Amino acid sequence: MSHTYLNMNEDFQNPSTLWAALIIDQLVKNGVRFFFCAPGMRNAPLLKAIELHPDAKSFIGFDERAQSFRALGFIRTHSQAAALVCTSGTAVANFLPAVIEAEKSRIPLIVLSADRPGELNAIDANQTIDQTEVLRDYCKHYWMCSEPQSDFPPRALSGKLSQLTHSTLSSPKGPMHINIPLREPLDHSPVAMDQKWKDEIFHILKKERASLENALLEKRIPKAELSELYQALENSQRPFIIFGPMDEEASLWEEDLGEFLESYKGSFSCDVTTGLKYKYGSEKGLIPTLDHPEVLAELERTNPDLIIHFGHRLTSKHYYKFLERRIYSDPEAKIFHICDSHQHEDPGLAFQRRWNILPTTALRAINHFLKERKDAGHTLKLRPLLNLEEMIQKKTDIINNSPLSYPVLTKIAVENLEGPLNIFMGNSTFIRSFDSYATYKSLSKTWNIIANRGASGIEGHLAMSQGIYDASQSPTVAFMGDVSFIHDLGSLASLAVLSSSAEEEREIPLLIIVANNQGGGIFKLLPIGKEENREKNPYLSLLTTPHQLDITAIVKAFGIEAKKVNSREEYLQHLQQWNKKPKFMILECLFNDEDNIRTYDQLKTVKL
């Protein structure tokens with residue numbers, strides 16, 4: 001089987017197409033095989049190289065912003081790097097929101113932007129901007145590639161690409177931008193080339209492997225550090241362990257968490273983005289999000305004497321307020337963080353010690369250490385800090401008797417969606433509602449949950465959903481609000497192509513659920529939006545952006561199946577039908593914003 005181009009002499013007969021072929025070939029041989037392509041002419045050599053490479057796979061899209069979030073969803077699901085490809089000018093600027101999210105969430109998103117040669121940029125030729133600074137502040141690496149047939153030799157290009165890609169894929173991961181100036185001709189017009197330069201590229205292309213191979217090495221936690229962590233646990237009377245986003249799919253570490261909890265038996269919390277929140281109930285010691293005010297108050301009363309946070313930043317804002325008050329009341333409090341990140345992830349300004357290592361690596365090492373201690377006759381003697389059974393039941397009763405609202409949509413989905421699923425949770429009310437879900441009995445559900453919590457933006461939600469399905473080709477459910485949906489209407493064009501392919505081949509198991517409360521309802525849940533404050537805030541509509549758009553009609557205009565949902569009974573029925581026969585469709589769940597506010601207000605009345 002060939003691992004490079006079959007007809008190099010015939011296919012690449014000018015410097016730009018041959019240079020582009022070398023770039024794509026070396027990326028593929030370094031593990032970057034997926035390319036999300038936006039249309040253009042300056043990037044035509046790159047597009048040609050992708051299409052002709054036997055090991056490269058392309059995804060076609062209409063616009064750059066949608067493609068960037070589609071690629072982001074793909075990478076988060078597939079756990080492999082992918083590249084964006086665009087033409088010159090403003091095209092690359094459309095990637096910025098997704099690149100920011102990739103940087104904040106440690107995602108190896110690679111940008112290949114074609115550019116005009118330097119002299120054309122200098123004289124303000126058509127479709128030129130300074131592309132060097134557009135993404136640089138949010139990229140782990142930026143490199144301005146040399147022009148073809150310059151003094152920069154091909155072997156230097158291949159080595160540089162290998163080194164950059166290796167670093168991008170090394171923890172902590174992050175985005176990379178390579179800007180590539182290309183001269184005309186950009187098509188297959190033949191141009192005489194320096195024979196030595198051409199032969200060197202052909203020699204590199206014929207190699208089965210990348211010209212520079214890099215080994216990925218895993219950090220390990222020293223035994224002395226493990227002993228310190230164990231001693232802290234053994235000496236603690238009231239520990240609280242938190243598991244945040246792990247940069248690994250839940251299925252890859254759920255057994256490790258189960259093994260740890262079997263030895264630990266104390267209180268813990270799983271952020272919704274771990275995918276393991278619904279595997280356990282509070283009967284096992286799980287404390288739901290601290291966005292429940294009564295849970296927060298009770299935890300503060302118990303005053304944990306040790307807090308260990310595995311992973312990245314949580315969805316809950318109140319958790320960090322809790323840490324802030326805890327460290328203020330006791331500056332010597334033991335609050336540890338285990339996280340491999342280049343960022344200072346400490347919104348509560350409370351962490352006293354940090355281990356810069358992959359949390360899952362640390363968890364596996366701790367489990368091994370706990371087993372050694374158990375074999376030597378030492379076990380932890382802990383029990384949960386809180387009994388939440390009565391509180392959870394009261395809140396369950398309120399939601400069960402409430403009309404359609406965010407808590408109702410969330411509860412019915414968690415309890416009725418079946419099977420292993422990819423779940424995309426949009427910002428911001430939906431993900432907070434899912435994070436707030438609580439159950440006493442364990443549901444034993446493990447989902448692969450994807451969310452953009454790096455910068456917590458509302459853009460690109462439809463595109464993310466498509467990218468998740470592109471990567472998994474398995475049942476996927478996406479939840480988003482109406483404003484997020486409207487923000488990404490352009491992605492319906494790409495989804496329409498997906499919909500038409502379903503009719504020709506097989507059903508696409510992708511369900512998109514849109515909560516339509518006619519505007520940004522989350523602001524009405526905040527103090528600024530309370531009814532008694534609305535007269536003082538005549539600008540509230542500028543925050544909530546109220547609308548009367550018919551989302552179902554918009555979706556149908558693109559030839560995509562859509563249904564309106566007006567009650568909890570209809571919603572449950574649609575989910576049950578989708579469980580039996582998954583297919584591509586969008587549900588528009590309509591509800592009164594006042595009902596939503598009333599449900600949240602009632603939930604706040606429950607006390608422990």
Side-chain angles (χ1 to χ4, degrees), residues 232-233 236-246 250 254 257-258 260-327 333-338 347-348 350-351 359 363 380 382-396 399 407 410-411 414 431-446 449 603-604 606-608:
L233 272 172
S236 171
Q237 299 297 311
R238 303 177 307 282
F240 180 36
I241 311 296
I242 297 92
F243 296 94
M246 292 288 199
E254 63 176 312
L257 177 59
F260 173 78
L261 295 178
E262 191 63 33
S263 300
Y264 171 60
K265 300 187 185 304
S267 284
F268 68 101
S269 184
C270 286
D271 187 78
V272 67
T273 55
T274 62
L276 295 174
K277 185 179 186 71
Y278 310 128
K279 185 177 177 67
Y280 302 98
S282 67
E283 63 175 349
K284 298 292 187 182
L286 178 73
I287 293 178
T289 175
L290 297 190
D291 286 357
H292 291 280
E294 63 284 345
V295 174
L296 174 60
E298 187 66 9
L299 188 65
E300 288 186 321
R301 188 190 64 77
T302 61
N303 197 27
D305 58 1
L306 172 67
I307 299 171
I308 303 177
H309 180 132
F310 287 83
H312 299 288
R313 179 163 41 84
L314 301 193
T315 300
S316 171
K317 180 175 72 172
H318 293 283
Y319 165 69
Y320 292 102
K321 293 293 183 183
F322 161 70
L323 292 186
E324 188 178 340
R325 289 191 290 269
R326 182 72 186 88
I327 201 68
K334 292 184 177 179
I335 306 177
F336 301 156
H337 190 202
I338 300 174
F351 294 130
L363 185 61
L380 299 173
L382 300 169
R383 57 191 179 89
L385 298 173
L386 307 179
N387 184 347
L388 302 174
E389 183 176 9
E390 184 178 346
M391 179 217 78
I392 290 172
Q393 186 57 54
K394 288 178 180 178
K395 293 202 171 192
T396 297
I399 297 172
T410 299
K411 183 175 184 297
V414 170
I431 192 166
R432 295 181 189 280
S433 184
F434 274 107
D435 196 43
S436 295
Y437 176 85
T439 178
Y440 182 71
K441 293 293 184 180
S442 301
L443 298 178
S444 299
K445 288 192 174 185
T446 302
I449 293 178
L603 290 170
K604 290 176 184 175
V606 175
K607 305 297 179 187
L608 272 174

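FYI, side chains are in, hydrogens and waters are out, and symmetry mates aren't considered; it's all heavy atoms of this structure. As the structure is a computational prediction, the values presented were derived from the model and not from experiment.
Rounded to the nearest 0.5 angstrom, Ser316 OG and Leu296 CG are separated by 8.0 Å. To the nearest 0.5 Å, atom CZ of residue Arg383 and atom NZ of residue Lys265 are 14.0 Å apart. Atoms NE2 and NE2, on His337 and His312 in that order, are 7.5 Å from each other to the nearest 0.5 Å. Between the NZ atom of Lys279 and the CG atom of Leu286 there is a distance of 12.5 Å, given to the nearest 0.5 Å. Distance check: Ser436 OG to Leu290 CG gives 10.0 Å after rounding to the nearest 0.5 Å. To the nearest 0.5 angstrom, Ile335 atom CD1 is 9.0 Å from Ile242 atom CD1.
Leu386 and Ser267 make their closest contact through N-OG, 4.2 Å (heavy atoms, listed as atom of the first residue, atom of the second, distance). In this structure, Leu276 and Glu254 approach most closely via the heavy-atom pair CD2-CB, 3.5 Å. Of all non-hydrogen atoms in Ile307 and Pro304, the two that sit nearest each other are CG1-CB, 4.2 Å. Thr273 and Pro245 get closest at one heavy-atom pair: OG1-CG, 3.0 Å. In plain terms, the two heavy atoms of Ile338 and Pro359 that are nearest each other are O-CG, 3.5 Å.
His292 places none of its side-chain heavy atoms less than 4.5 Å from the side chain of Leu603. Put simply, the side chain of Tyr264 reaches to within 4.5 Å of the side chain of Leu233, judged on heavy atoms. Looking only at side-chain heavy atoms (C-beta outward), Tyr278 and Val272 come within less than 4.5 Å of each other. Side-chain contact between Arg432 and Thr289 is absent, with no heavy-atom pair separated by less than 4.5 Å. Two residues are said to be in side-chain contact when any heavy atoms from C-beta on lie closer than 4.5 Å; Leu443 and Tyr437 meet this criterion. Within the 4.5 Å cutoff, the side chain of Ile308 has no heavy atoms near those of the Pro239 side chain. Tyr280 has its side chain out of reach of Ser269: every pair of non-hydrogen atoms, C-beta onward, lies at least 4.5 Å apart. Two residues are said to be in side-chain contact when any heavy atoms from C-beta on lie closer than 4.5 Å; Leu257 and Phe243 meet this criterion.
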**Item:** Worked verdict on Asn303 versus Arg326 for side-chain contact (heavy atoms from CB on, under 4.5 Å)
**Value:** CA-CA 8 Å; Asn303 197 27; Arg326 182 72 186 88; 3.1 Å; yes

**Request:** Could you give me the CA-CA distance, side-chain angles and deciding distance for Phe240 and Leu306, then say whether side-chain contact (heavy atoms from CB on, under 4.5 Å) is met?
**Result:** CA-CA 6 Å; Phe240 180 36; Leu306 172 67; over 6 Å; no

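Here the side chain of Arg238 pairs a donor or acceptor atom with the backbone of Thr302 at under 3.5 angstrom. The backbone N or O of Ser442 lies less than 3.5 Å from a partner atom in the side chain of Glu283, making a donor-acceptor pair. Using a distance-only test at 3.5 Å, with no hydrogens or angles considered, a donor-acceptor pair links the side chain of Thr439 to the main chain of Lys441.
Taking the charged nitrogens against the carboxylate oxygens, Lys277 and Asp435 do have a contact shorter than 4.0 Å, which makes a salt bridge. By the 4.0 Å N-to-carboxylate-O rule, Glu294 lies close enough to Lys395 to be salt-bridged with it.
Ring centroid separation for the pair Phe260 and Phe268 does not come in under the 6.0 Å cut-off. In summary, the aromatic rings of Phe336 and His309 are positioned with their centroids too far apart to meet the 6.0 Å limit.
The side chain to side chain contact (heavy atoms under 4.5 Å, CB included) test applied to Ser282 returns Leu388, Ile392, Tyr440, not counting sequence neighbours.
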